[in-house]
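Right, one structure below, let's go through it.
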Number of protein chains: 2
Amino acid sequence: MAEKPKKPQKLRARLPRGLADRGAAEIAATRRMTETIREVFERYGFEPVETPAFEYTDALGKFLPDQDRPNEGVFSFQDDDEQWISLRYDLTAPLARYVAENFDHLPKPYRSYRAGYVYRNEKPGPGRFRQFMQFDADTVGSASPAADAEMCMMAADTMEALGIPRGSYVVKVNNRKVLDGVMESIGLGGEENAAKRLTVLRAIDKLDRLGAHGVRELLGEGRKDESGDFTKGAGLEESQISKIETFVNARAGVQLPIFAYAGSRDVLERLTDDPDKKENEYNIALKIWGWLRIAFEDSPLAVAGLDELVEIARLVDAAGYENRIIVDPSVVRGLEYYTGPVYEVELLLDTNDEKGRPVRFGSVGGGGRYDGLVSRFRGEPVPATGFSIGVSRLQAALTMLGKLDTKPEFGPVVVTVFDRDRVADYQKMVATLRNAGIRAELYLGNPKNMGNQLKYADKRNSPCVIIQGSDEKDDPAGPQVVLKDLILGAELSKLEKDRDEYLQKQGEAQTKVPLASLVDEVRKILDKHNVKWN
Amino acid sequence: MAEKPKKPQKLRARLPRGLADRGAAEIAATRRMTETIREVFERYGFEPVETPAFEYTDALGKFLPDQDRPNEGVFSFQDDDEQWISLRYDLTAPLARYVAENFDHLPKPYRSYRAGYVYRNEKPGPGRFRQFMQFDADTVGSASPAADAEMCMMAADTMEALGIPRGSYVVKVNNRKVLDGVMESIGLGGEENAAKRLTVLRAIDKLDRLGAHGVRELLGEGRKDESGDFTKGAGLEESQISKIETFVNARAGVQLPIFAYAGSRDVLERLTDDPDKKENEYNIALKIWGWLRIAFEDSPLAVAGLDELVEIARLVDAAGYENRIIVDPSVVRGLEYYTGPVYEVELLLDTNDEKGRPVRFGSVGGGGRYDGLVSRFRGEPVPATGFSIGVSRLQAALTMLGKLDTKPEFGPVVVTVFDRDRVADYQKMVATLRNAGIRAELYLGNPKNMGNQLKYADKRNSPCVIIQGSDEKDDPAGPQVVLKDLILGAELSKLEKDRDEYLQKQGEAQTKVPLASLVDEVRKILDKHNVKWN
């Protein structure tokens with residue numbers, strides 16, 4: 001059967017997967033948030049620097065966790081001179097390039113911060129986007145654990161500046177040196193075991209999600225998940241697995257004040273409130289620490305890493321950040337360029353899971369030391385450490401916590417078009433209001449009826465509209481305008497039908513005033529309803 | 001001769017051509033600028049909306065002027081489902097997609113604004129980048145010339161809010177309908193002449209650069225430039241060229257107040273200051289306008305376009321923007337999607353060229369009506385008009401005009417490390433200062449000598465440093481710290497060697513104070529030098 005020829009298809013308006021548009025409320029919330037973060041970072045002496053959205057692919061390097069994906073997680077294209085260019089997948093790799101390129105004239109150590117979008121060519125999912133915003137701070141040129149401790153303290157101060165109360169967040173610290181040292185001590189050192197080490201790190205990273213048993217399976221032969229999919233494991237022997245568990249499960253054995261993550265807010269509070277208890281648990285922690293040091297004494301790397309963690313703990317304690325910054329041996333961090341301390345900010349929200357434990361919102365930021373990243377360009381060691389906030393994720397958390405006011409602001413005053421030949425007059429009223437600092441607009445749609453214009457003003461959340469017909473214009477007392485107070489009008493529509501009150505309010509909601517006092521009368525309405533104007 | 005094997009090359013730290021990093025002063029200036037623009041746009045009732053950096057290539061469309069370049073001026077790559085994706089080359093095409101996708105729940109007309117980076121795969125040059133920032137406003141859903149007039153007024157208000165005095169900028173308006181109508185009237189209508197029309201538009205666009213004679217050559221056979229390169233012309237006949245000139249050169253014949261661009265600030269001032277003169281030239285302008293209307297009466301499109309221009313002029317006059325917003329028949333605008341009024345903001349800077357005429361800094365923004373862009377998705381007419389500011393270019397202009405304060409702010413207070421075993425104590429001082437709202441940092445470099453630390457503080461533009469050795473710590477009167485006032489110290493080093501004054505200032509520049517009053521004493525120094533703290 002012959003089909004009718006189809007009409008040429010309209011272009012479909014749609015975005016590629018994993019991308020999203022952002023509306024007014026969300027943009028305003030992000031602005032408030034990033035301003036707060038900026039203030040904290042500046043108080044710490046960090047100064048802004050920005051790099052472009054794309055770079056030479058080789059300058060960015062390949063450090064993303066999901067190397068098995070096409071393009072290795074990065075959006076890339078060839079420039080017209082055939083060189084490969086990639087959209088930045090984080091803000092750290094471009095900073096390393098920037099510092100290397102401008103090394104000689106930068107103060108050292110160099111503290112800097114930046115906010116910007118990054119791009120990942122990954123499979124998108126709920127809450128997982130291919131473009132998202134990060135807010136980073138980095139200190140380049142200091143090998144001191146004090147630089148890492150500072151990052152952790154700044155992360156804690158940022159959370160509190162954003163309104164997250166103490167006890168609802170925790171900064172967890174670990175050290176890649178310890179992880180690498182532990183692996184060295186079970187015979188997984190050397191270049192030839194790099195892939196296996198990565199598998200082990202990824203398994204540890206899943207502790208929160210899969211529990212100790214799931215991690216054990218992933219360290220051994222492998223694990224079948226609920227859907228029946230099988231993930232091949234690292235293939236370690238029992239003795240190797242148990243040594244990794246010694247370290248990773250240190251956090252699970254005892255509730256350690258500085259040195260382990262308690263996993264529960266009331267434990268944290270208890271530690272803060274009871275000085276005797278604190279002293280006691282502090283001693284237990286030190287004892288366990290000493291024990292770990294002995295357990296891995298065959299690995300100088302692990303011992304050095306443990307000592308750095310003790311130094312960080314000592315510094316944050318001295319500055320009054322104990323219990324807000326804690327050591328957690330299960331923190332891994334996905335990016336491959338980390339070489340020393342790694343840290344993660346985790347939020348604990350108010351909801352409880354089925355076992356009554358507070359639900360973790362999870363990580364809203366993190367970072368670590370990346371001593372090799374700048375060195376790639378310089379051929380000399382350049383130590384560096386940095387911290388990155390996942391702005392969109394943190395914003396979602398703050399919204400859940402009610403810390404970001406997302407109530408829409410009032411819209412502009414709308415000047416209606418009663419007589420379409422007099423647009424110039426109405427335009428002039430709008431200009432007068434704007435010049436007085438009042439948000440105002442002319443109705444620019446088809447002015448065929450007043451109903452449409454009032455509907456538009458409602459949709460814009462306008463506090464009041466202005467109408468002038470020929471009666472008002474030619475008033476014997478001089479030109480007048482009608483002001484409709486839409487906020488009062490909305491209250492009116494909800495009112496019980498008490499005739500007197502209704503009529504009185506109705507009178508207030510719509511008034512005739514001289515054109516000459518337009519600005520003053522509009523200001524009165526805005527002030528009455530606490531609508532901001534300049 | 002056998003060469004020695006080369007060492008593996010270090011990675012070179014460099015950016016692809018046409019990209020740039022941005023430092024602290026530039027970022028601060030951009031922030032101040034965009035905040036001001038935002039305030040003006042919000043006063044006009046526009047609300048923010050943002051779209052991602054890339055979109056489906058077909059959704060963006062192909063509207064860039066340089067279609068002969070590879071990739072047609074756009075950075076593109078294929079998604080893993082083989083669909084083509086491009087980085088946005090402006091903020092208008094993505095907005096059209098956004099409006100089409102969300103058409104039903106947006107207020108109409110829909111006024112919105114956004115700032116963001118755009119990307120052009122063009123040959124970079126001085127001041128011409130492949131990533132640059134635009135700040136756009138658009139009104140979708142209004143066909144009224146009042147919407148175009150509003151854009152022009154908003155552009156003028158924005159310039160003044162940024163500190164550009166009246167008379168140093170001008171908003172020039174033209175209408176694509178007139179240009180298209182003029183071409184229709186000389187036989188260049190229809191799809192088959194599209195390429196030729198484009199050549200004519202590009203020739204007109206070069207009037208400011210090449211003058212009337214150069215444009216005439218480009219409309220005819222072609223033009224050889226000073227380097228001997230030949231540009232092929234549109235190949236028009238004499239009668240066709242002269243009719244185009246009738247229109248385009250209307251501005252050159254008489255200095256028209258509203259309707260033509262005077263090209264010189266003092267003419268603008270004369271028009272404003274002398275009401276008789278103004279009346280007179282206004283009449284001449286109207287006469288010329290009537291004459292143009294007769295010259296192109298065979299083209300209904302040209303006549304409609306001319307009438308729209310008169311309507312815009314009438315509206316901006318009524319709102320008090322005459323002489324700031326003027327019609328200039330040579331304005332073309334490069335993008336191909338414009339369908340009606342087009343406008344351009346031009347800055348006139350204070351310098352004069354060799355003929356004593358004020359030098360034009362040139363366009364810092366522009367826009368126009370694009371009635372076809374949203375319609376591509378909707379299959380129904382959706383009128384729209386928009387305005388785009390070239391943020392980087394405008395910032396360069398404001399910097400030249402001295403309107404952006406680029407003086408570096410003072411850096412943080414630096415707490416030095418005198419005794420490396422006492423980093424925790426120094427860290428605590430830093431935390432105390434920060435908690436009091438004072439920007440402060442710990443010296444994180446190698447603390448081997450105090451000289452390096454003071455040099456670092458100088459490089460950071462620090463107002464003062466804090467030093468505590470064992471003498472101060474163990475002071476019988478309780479722990480002390482030494483405060484070095486670096487601002488006073490710098491004055492000291494410039495001082496004539498008047499011994500008494502020198503000694504007095506030296507005493508003030510370095511003082512010993514109790515550790516317990518650290519915050520108060522630092523505040524005193526900051527206040528003395530007007531350094532901000534919270």
Side-chain angles (χ1 to χ4, degrees), chain A residues 10-11 13-16 19 21-24 27 42-45 47-53 56 58 70 75 77 79-80 85 97-98 100-101 107-109 117 131 139 141-142 144 146-147 314-315 318-320 376-377 379 412 423-424 427-428 431 434 439-442 444-445 456 459-460, chain B residues 10-11 13-14 16 19 21-24 27 42-45 47-53 55-56 58 70 75 77 79-80 85 97-98 100-101 107-109 117 131 139 141-142 144 146-147 314-315 318-320 376-377 379 412 423-424 427-428 431 434 439-442 444-445 456 459-460:
Chain A
K10 275 190 318 229
L11 197 54
R14 80 289 182 214
L15 273 177
L19 297 176
D21 299 313
R22 289 154 46 80
I27 292 168
E42 297 224 326
R43 197 160 73 228
Y44 271 75
E47 61 172 46
V49 68
E50 275 180 21
T51 63
Y56 284 123
D58 64 355
F75 292 102
F77 47 84
D79 206 355
D80 48 16
I85 287 180
R97 190 270 312 151
Y98 173 81
E101 194 174 343
K108 276 166 290 288
Y117 283 112
Q131 164 175 331
T139 299
S142 174
S144 165
R314 212 170 63 86
L315 290 169
R376 292 185 307 139
F377 302 99
V423 167
Q427 184 76 268
K428 192 179 174 181
R434 285 173 182 158
R439 290 181 69 195
E441 56 173 58
L442 179 67
L444 286 177
Y456 170 82
K459 196 151 187 177
R460 294 287 282 127
Chain B
K10 275 192 316 235
L11 197 55
R14 80 287 182 215
L19 296 176
D21 298 313
R22 289 153 47 80
I27 292 169
E42 296 224 326
R43 198 159 73 227
Y44 271 74
E47 62 172 44
V49 70
E50 275 180 21
T51 63
E55 300 252 352
Y56 282 123
D58 65 354
F75 292 102
F77 48 84
D79 206 355
D80 47 17
I85 287 179
R97 189 271 312 152
Y98 173 81
E101 195 174 343
K108 275 166 291 288
Y117 283 112
Q131 165 175 330
T139 300
S142 174
S144 166
R314 211 169 66 85
L315 290 169
R376 292 184 308 139
F377 301 100
V423 167
Q427 183 76 268
K428 191 178 176 183
R434 285 173 182 159
R439 288 181 70 198
E441 55 174 57
L442 180 68
L444 287 177
Y456 170 81
K459 197 151 189 179
R460 293 287 283 129

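The model shown is predicted, which means the values in this text are computed figures rather than measured ones. The sequence lines fix the lettering, A, B, ..., with proteins before strands; numbering per chain opens at 1.
- Counting heavy-atom pairs closer than 4.5 Å to chain A, the top-ranked of the candidates Arg14(B), Lys108(B), Lys428(B), Arg460(B) is Arg14(B).
- Between Tyr456(B) and Pro109(A) the shortest side-chain heavy-atom distance falls below 4.5 Å.
- Between Tyr98(B) and Asp21(A), the shortest heavy-atom distance links the atoms CD1-OD2, 3.2 Å.
- Contact of Tyr56(B) with chain A is made through backbone and side chain together, with heavy-atom distances under 4.5 Å.
- Phe75(A) and Phe77(B) have tilted rings, their planes meeting at an angle from 30° to 60° on a 0 to 90° scale.
- Taking the side chain as every heavy atom from C-beta outward, Leu15(A) and Glu55(B) approach each other to under 4.5 Å.
- With Gln131(A) contributing its side chain and Ala53(B) its backbone, the two residues share a donor-acceptor pair below 3.5 Å.
- In this structure, Ile27(B) CD1 and Glu47(A) CD are separated by 9.0 Å, a value rounded to the nearest 0.5 Å.
- Shortest non-hydrogen contact noted between Gln427(B) and Ala319(A) is CG-CB, 4.3 Å.
- Using a 4.5 Å cut-off between heavy atoms, Leu444(B) contacts chain A through both its backbone and its side chain.
- In terms of heavy atoms, Arg434(B) sits closest to Tyr44(A) at NH1-CE2, 2.6 Å.
- For Ala431(B), the part lying under 4.5 angstrom from a heavy atom of chain A is the side chain only.
- Taking chain A as the reference chain and counting heavy-atom pairs below 4.5 Å, the highest number among Glu42(B), Glu101(B), Glu50(B) is found for Glu50(B).
- Both the backbone and the side chain of Asp58(A) come within contact range of chain B, judged by heavy atoms closer than 4.5 Å.
- Ranked by heavy-atom pairs shorter than 4.5 Å toward chain A, the options Gly23(B), Pro52(B), Ala424(B), Ser142(B) are led by Pro52(B).
- The part of Ile85(B) that comes within reach of chain A is its side chain, from C-beta onward, which places non-hydrogen atoms under 4.5 angstrom from that chain.
- Heavy atoms closer than 4.5 Å to chain B are found in both the backbone and the side chain of Pro48(A).
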